[in-house]
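Below: one structure, written as structure tokens.
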Protein chains: 2
Amino acid sequence: MEYLDESSFLIAFGKNLRKYRKLQGFTQEQLANDLGIEISQISRIERGVINTSIGNINSISKVLKIDIKDLFDF
Amino acid sequence: MEYLDESSFLIAFGKNLRKYRKLQGFTQEQLANDLGIEISQISRIERGVINTSIGNINSISKVLKIDIKDLFDF
DNA sequence: AAAAAAGTAGGCATTTATGCCTATATTTGA
DNA sequence: TCAAATATAGGCATAAATGCCTACTTTTTT
């Protein structure tokens, strides 16, 4: 198991989220709308610009209908 | 797979974190010191009072030497 | 190539997490 | 039971995420 520094972690997480979002057939806008959050936030999370909350990630996994653990599996 | 609302999720997450922290033989203070964050934050996370960041959780898994996915496995 | 769709960027105000500190409560061990 | 260790609580200042908005860039589709 490898541990990343925060910046690398956020970028890797974002890439993985993007993968699952597309896999489930969502645009950033659809995901943001279903979540009730800003589309710009999705963009920032996927690019690793911001360090979002675990609650937010729980909501995202709910909307995408995936296991939250998958979002941390990379 | 079951999806929790945010409040229930944060409480469940906190309980799980506490379980793994004790399992790895850390006090809240030791964990906070190793992380370089406030002990009061650990307490708040474990009680589900705050909605901490994914970067913080990555750091915690690193210090506890566990798989980050375990912290989301409940 | 042109138009449409999707994603990126940045500013500003607001909300929330965090740091720092002190005091209180609970749990553990002698 | 008493003392020590561990955890909880709250206030205040600061930093960071978020909401809301507009403009620009990149990608996709026709």
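Letters go in sequence order (proteins before strands), and every chain restarts at 1. Because the structure is predicted, anything quoted here is derived from the model rather than measured. Values reported hereafter were calculated over all heavy atoms of this structure, with side chains retained and with hydrogens, waters and symmetry mates removed.
- Side chain of Lys62(A) to backbone of Leu4(B): a donor-acceptor contact under 3.5 angstrom is found.
- Tested against Glu46(A), the residues Lys22(A), Lys15(A), Arg21(A) include a single salt bridge (Lys or Arg N to Asp or Glu O under 4.0 Å) partner, Arg21(A).
- At least one side-chain nitrogen or oxygen of Thr52(B) sits closer than 4.0 Å to the OP1 or OP2 atom of dT18(C).
- Residues Phe9(B) and Tyr3(B) are members of separate hydrophobic clusters, defined by side-chain heavy-atom contacts under 4.5 angstrom among Ile, Leu, Val, Met, Phe, Trp and Tyr.
- Between dG19(C) and Arg44(B), no contact under 4.0 Å exists linking OP1 or OP2 to a side-chain N or O.
- Using a 4.0 Å heavy-atom cutoff across all strands shown, Ile37(A) reaches sugar-phosphate atoms only and no base atom.
- Distance Asn51(A) CG to dT16(C) P: 17 Å, rounded to the nearest Å.
- Look at CD on Glu29(A): it is 19 Å from P on dT27(D), rounded to the nearest Å.
- The interatomic distance linking Glu38(B) (CD) with dT8(D) (C1') rounds to 14 Å, in whole Å.
- Here Gln28(A) reaches the OP1 or OP2 of dT8(C): one of its side-chain N or O atoms lies under 4.0 Å away.
- Atom CG of Leu31(B) is separated from atom P of dA5(D) by 20 Å (rounded to the nearest Å).
- Contact between the side-chain N/O atoms of Thr27(B) and the OP1/OP2 oxygens of dT6(D) is not found at any separation under 4.0 Å.
- For the pair Lys19(B) NZ and dA7(D) P, the computed distance is 17 Å after rounding to whole Å.
- A sub-4.0 Å separation between OP1 or OP2 of dT18(D) and a side-chain N or O of Gln41(A) is present.
- For the pair Phe13(A) CZ and dA17(D) C1', the computed distance is 15 Å after rounding to whole Å.
- One interatomic measurement links the two molecules: CD1 of Ile50(A) to P of dA15(D), which rounds to 19 Å at whole-angstrom precision.
- Distance CD1 (Ile42(A)) to C1' (dT18(D)): 12 Å, rounded to an integer number of Å.
- Comparing dA7(D), dT18(D), dG10(D) by their closest approach to the side chain of Arg18(B) singles out dA7(D).
- For dA17(C), the OP1/OP2 oxygens have no side-chain nitrogen or oxygen of Asn56(B) closer than 4.0 Å.
- Take the nearest nucleotide of DNA chain C for Lys22(B) and for Ser53(B): the residue whose nucleotide is more 5' is Ser53(B).
- A parallel orientation is assigned to the rings of Phe72(B) and Phe72(A), their planes being inclined by less than 30° (bins at 30° and 60°).
- In the model, Ser8(B) has a side-chain atom that pairs as donor or acceptor with a side-chain atom of Asp5(B) under 3.5 Å.
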